[in-house]
**Student:** 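Here you go, one structure.
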Amino acid sequence: MKKLLLLMTLVSALSFAKDSPNDVLEDRIEDQLKVRMASIIKKADYDVTIVNNSMNIEVEIEGLTTPKMNFDNVAQEILKNLGTDNSIDDIYIVIKHDSTVGEDKILFSQYFKK
């Protein structure tokens, strides 16, 4: 019985580890944004998710204080630096402040249609 339970746990764990077909593209876009946006946003972490011709971009800015910048201009720079193909129909950008103390704070959130 224990062997069966262990086998079932192992099979279910492996079934959840399936990679998305867009993982490589998402990683490339994240790396591209880190390099190209480094002069605009310091200490930022990018998370890109692509599902059904839609792209979600989450930018987490680390630091003790909330950054003072024009987030609309930052979003436009992100869009300019994406360089994605024409298969992406819409893009949703969220910029958060990842404070070392306390909870995350959403600073900017906007949907862009191509």
Side-chain angles (χ1 to χ4, degrees):
M1 185 68 174
K2 289 181 182 180
K3 289 181 183 179
L4 181 61
L5 183 61
L6 179 63
L7 181 63
M8 288 176 44
T9 304
L10 182 63
V11 169
S12 65
L14 290 175
S15 67
F16 288 118
K18 185 179 176 184
D19 287 339
S20 165
N22 294 321
D23 280 349
V24 173
L25 179 60
E26 292 170 1
D27 290 342
R28 287 180 182 170
I29 292 171
E30 289 171 9
D31 292 341
Q32 180 180 354
L33 287 173
K34 283 179 190 175
V35 171
R36 291 187 176 180
M37 297 294 294
S39 63
I40 298 170
I41 303 176
K42 307 277 191 259
K43 295 183 181 179
D45 185 33
Y46 298 88
D47 185 30
V48 176
T49 308
I50 301 172
V51 178
N52 296 334
N53 299 338
S54 297
M55 181 184 297
N56 294 320
I57 301 171
E58 185 175 299
V59 182
E60 289 188 356
I61 302 172
E62 301 172 4
L64 292 173
T65 60
T66 304
K68 306 270 190 255
M69 59 179 67
N70 185 342
F71 294 110
D72 200 33
N73 289 345
V74 172
Q76 292 301 323
E77 280 295 317
I78 290 172
L79 289 173
K80 187 172 84 174
N81 288 311
L82 280 178
T84 60
D85 58 10
N86 292 332
S87 66
I88 303 297
D89 294 329
D90 51 275
I91 299 170
Y92 185 70
I93 298 176
V94 176
I95 301 175
K96 295 181 178 180
H97 176 235
D98 186 17
S99 178
T100 52
V101 179
E103 294 190 24
D104 292 356
K105 179 180 176 183
I106 295 177
L107 305 172
F108 178 86
S109 173
Q110 190 168 352
Y111 170 79
F112 298 93
K113 183 86 172 155
K114 273 193 162 180

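Every heavy atom of this structure was used, including side-chain atoms; hydrogens, water molecules and symmetry mates were not.
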**Student:** Pair Q110, I93 - check side-chain contact (heavy atoms from CB on, under 4.5 Å), show working.
**Tutor:** CA-CA 6 Å; Q110 190 168 352; I93 298 176; 5.7 Å; no
**Student:** Evaluate the criterion side-chain contact (heavy atoms from CB on, under 4.5 Å) for residue pair D47 and I57; output intermediate values, then yes/no.
**Tutor:** CA-CA 6 Å; D47 185 30; I57 301 171; over 6 Å; no
**Student:** Is any side-chain heavy atom of P67 closer than 4.5 Å to a side-chain heavy atom of L107?
**Tutor:** yes
**Student:** Test your reading of the model: is there a side-chain donor-acceptor pair from H97 to the backbone of D104, 3.5 Å cut-off?
**Tutor:** no
**Student:** Is I29 close to L25 at the side-chain level, that is, under 4.5 Å between some pair of heavy atoms?
**Tutor:** yes
**Student:** Could you go through N81 and M37, starting from their C-alpha distance and side-chain angles, then the distance that decides it, and tell me whether this counts as side-chain contact (heavy atoms from CB on, under 4.5 Å)?
**Tutor:** CA-CA 8 Å; N81 288 311; M37 297 294 294; 3.4 Å; yes
**Student:** Out of curiosity, E26 CD to D31 CG, how far, rounded to the nearest 0.5 Å?
**Tutor:** 12.0 Å
**Student:** Nearest 0.5 Å, what's the CG-CD1 distance between L33 and I40?
**Tutor:** 10.5 Å
**Student:** Contact between I61 and D98 at the side-chain level, heavy atoms closer than 4.5 Å - yes or no?
**Tutor:** no
**Student:** Whether the N56 and T49 side chains hold a donor-acceptor pair (N or O, under 3.5 Å, no angle test) is what I'd like checked.
**Tutor:** no
**Student:** State, to 0.1 Å, how close K42 and S39 come at their nearest heavy-atom pair, and which atoms those are.
**Tutor:** NZ-O, 3.5 Å
**Student:** Side-chain heavy atoms under 4.5 angstrom apart, residues restricted to Ile, Leu, Val, Met, Phe, Trp, Tyr: same cluster for L82 and Y92?
**Tutor:** no
**Student:** Rounded to the nearest 0.5 Å, how far does CD of E77 lie from CD1 of I41?
**Tutor:** 9.5 Å
**Student:** With a 4.5 Å heavy-atom cut-off, do F108 and D72 have their side chains touching?
**Tutor:** yes
**Student:** Measure the NZ-OG1 distance between K96 and T66 for me, rounded to the nearest 0.5 Å.
**Tutor:** 14.0 Å
**Student:** Does I88 share a hydrophobic cluster with V48, counting links as ILVMFWY side-chain heavy atoms below 4.5 Å and allowing steps through other members?
**Tutor:** yes
**Student:** Measure the shortest side-chain to side-chain distance between D45 and V59 over non-hydrogen atoms and say whether it is less than 4.5 angstrom.
**Tutor:** no
**Student:** According to a hydrophobic-cluster definition based on side-chain heavy atoms being under 4.5 Å apart (Ile, Leu, Val, Met, Phe, Trp, Tyr only), do F112 and V94 belong together?
**Tutor:** no
**Student:** What do the steps show when you test E60 against E58 for side-chain contact (heavy atoms from CB on, under 4.5 Å), and what is the final call?
**Tutor:** CA-CA 6 Å; E60 289 188 356; E58 185 175 299; 3.1 Å; yes
**Student:** Are Y111 and F71 joined in one hydrophobic group, where the rule is that I, L, V, M, F, W and Y side chains link up if heavy atoms are under 4.5 Å apart?
**Tutor:** no
